[in-house]
Amino acid sequence: MPEGHTIHRAARLQRRALKGKVVRADSPQGRFAAGAAVLDGQTLTGIEAYGKHLFYRWSAGDTLHVHLGLYGKFRAFRREDPADPLPPTTAGTRLRLVADDIVLHLAGPTACDLVDPAQEDALVARLGPDPLRRDADPERAWAALARRTIPIGAALLDQRILSGVGNVYRCEALFVTGLWPERPARALSRPEFDRIWATVAAMLRDGEKAGRILTVDPADVGVRTRSQVPGGERVYVYKRDGLPCRRCGTTVLTWTSALRAIFACPSCQHAPAALEAAS
DNA sequence: AAGAATGTTATGTA
DNA sequence: CTACATAACATTCT
């Protein structure tokens, strides 16, 4: 269940565990047997994250491209003794990497394939700036938004405009910036865009550090809520439809935007007056 | 056991 | 080329 923070965190932790090491690779379920055979015995020279994509660089020049999709997961195991048996793989395991005392399982990703430089360039060229990357250029996102009539809520999910944001962060970032998700993207002012960019970057950074999504400001933590939603203590609006807003108590609304459920507080996020009255 | 889910691409239409 | 609707794929969890 990954957004950009999960991917960048995986890159950081796996770099620490595997970079510079000779890696044994295989594909226990045979779902990536040919690719694993190519990587087996190579040294992992680097891992790069771009939006929700990962690129693993190998000593013979190969690049492994991974995208976790909706269900992809990494599982890492530490082995005391290299002679110990390998931990069992669960169904859907595509690739297993073994180095020294580390075993890494990659299960269920949408993409797990070897790419040549042209393919990698094409993939990256389709992505908007990633706020977690040092080389991110917010002007590219600003220019892309200015051309779009789609709602800002939909635009934030479009990886071509800006990359790394998923459904939780789009809802939370719009709440924190106080913007109604249905505002046309190109109607945003520059200061509003700057606030969105800064908010998304800060949220993704926090998530990368913590390893989980936690967007609620400590100042709002004490606000009474009857939320029974798992993880509901850590977000403002995501999956909190029908519950009182943590800030103002107004009922949080949900509807469909860009194929996904979106959640927002009509009061804190300046819904059109008609809608606010109706709720 | 149906349905939802922290994702994305493809296709047809206007 | 943009926008929108719809379907499709993928897998796990409740």
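Convention: sequence-line order gives letters A, B, ...; per-chain numbering from 1.
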To the nearest Å, give me how far apart NZ (A:K73) and C1' (C:dA10) are. 13 Å
Verify side-chain hydrogen bond (donor to acceptor under 3.5 Å, both in side chains) between A:T90 and A:R75, making sure each step is shown before the conclusion. CA-CA 10 Å; A:T90 51; A:R75 285 191 198 81; 3.1 Å; yes
Does OP1 or OP2 of B:dT8 have a side-chain N or O of A:K52 closer than 4.0 Å? yes
When you measure from the side chain of A:R148, which nucleotide among C:dT11, B:dT8, C:dA3 comes out closest? C:dA3
Output the rounded distance in Å from NE2 (A:H105) to P (C:dT11). 17 Å
Name the pairing partner of C:dA10, where a pair is Watson-Crick or G-U wobble with both distances under 3.5 Å, or state none. none
note: A:I262, atom CD1; B:dA4, atom P; distance rounded to Å ~ 18 Å
Measure the NE2-CZ distance between A:H5 and A:R212 for me, rounded to the nearest 0.5 Å. 11.0 Å
Per A:N167 side chain, nearest of listed nucleotides B:dG7, B:dA5, C:dT12: B:dG7
Between B:dG3 atom P and A:Y71 atom OH, what is the distance in whole Å? 16 Å
Can you find a side chain N or O atom of A:T110 that sits less than 4.0 Å from OP1 or OP2 on B:dT8? no
P gap between B:dA1 and C:dC9, integer Å: 22 Å
Look at A:H67 and B:dG7 and indicate whether a side-chain polar atom (N or O) is within less than 4.0 Å of OP1 or OP2. no
A:D113 CG - B:dT8 C1' separation (whole Å): 14 Å
Using a cut-off of strictly less than 4.0 Å, decide whether A:Q159 has a side-chain nitrogen or oxygen near OP1 or OP2 of B:dG7. no
Within the structure shown, what part of the strands sits under 4.0 Å from A:R126 by heavy-atom distance: base, sugar-phosphate, or nothing? sugar-phosphate
Side chains of A:M203 and A:V200: does their closest heavy-atom pair fall under 4.5 Å? no
Side-chain ion pair, A:D40 and A:R24, N-O less than 4.0 Å: no
Whole-Å gap separating C1' (C:dT11) and CZ (A:F74): 16 Å
Nearest to the side chain of A:I150, heavy atoms from C-beta on, is which of C:dT2, C:dA3, C:dT12? C:dA3
Integer-rounded Å distance: B:dG7 P and A:L157 CG: 7 Å
Quick one: label A:A91 by what it contacts on the DNA or RNA (base, sugar-phosphate, nothing), any heavy atom closer than 4.0 Å. sugar-phosphate
Between C:dA7, C:dA3, C:dA10, which nucleotide has the shortest distance from any of its atoms to the side chain of A:T149? C:dA3
With a 4.0 Å cut-off on heavy atoms, is A:R31 in touch with a base, just the backbone sugar-phosphate, or nothing at all? sugar-phosphate
Does A:L68 reach a base, just sugar-phosphate, or nothing at all? Heavy atoms under 4.0 Å. nothing
Write down the distance between CG (A:L145) and P (C:dA3), rounded to a whole number of angstrom. 11 Å
At under 4.0 Å, does any side-chain N or O of A:R260 touch on OP1 or OP2 of B:dT8? no
Quick one: on DNA chain C, does A:R147 or A:L259 contact a more 5' nucleotide (nearest heavy atom)? A:R147
Got a second to check how far A:R195's CZ is from A:S189's OG, nearest 0.5 Å? 7.0 Å
Taking the side chain as everything from C-beta on, heavy atoms only, tell me whether A:T43 gets closer than 4.5 Å to A:W58. no
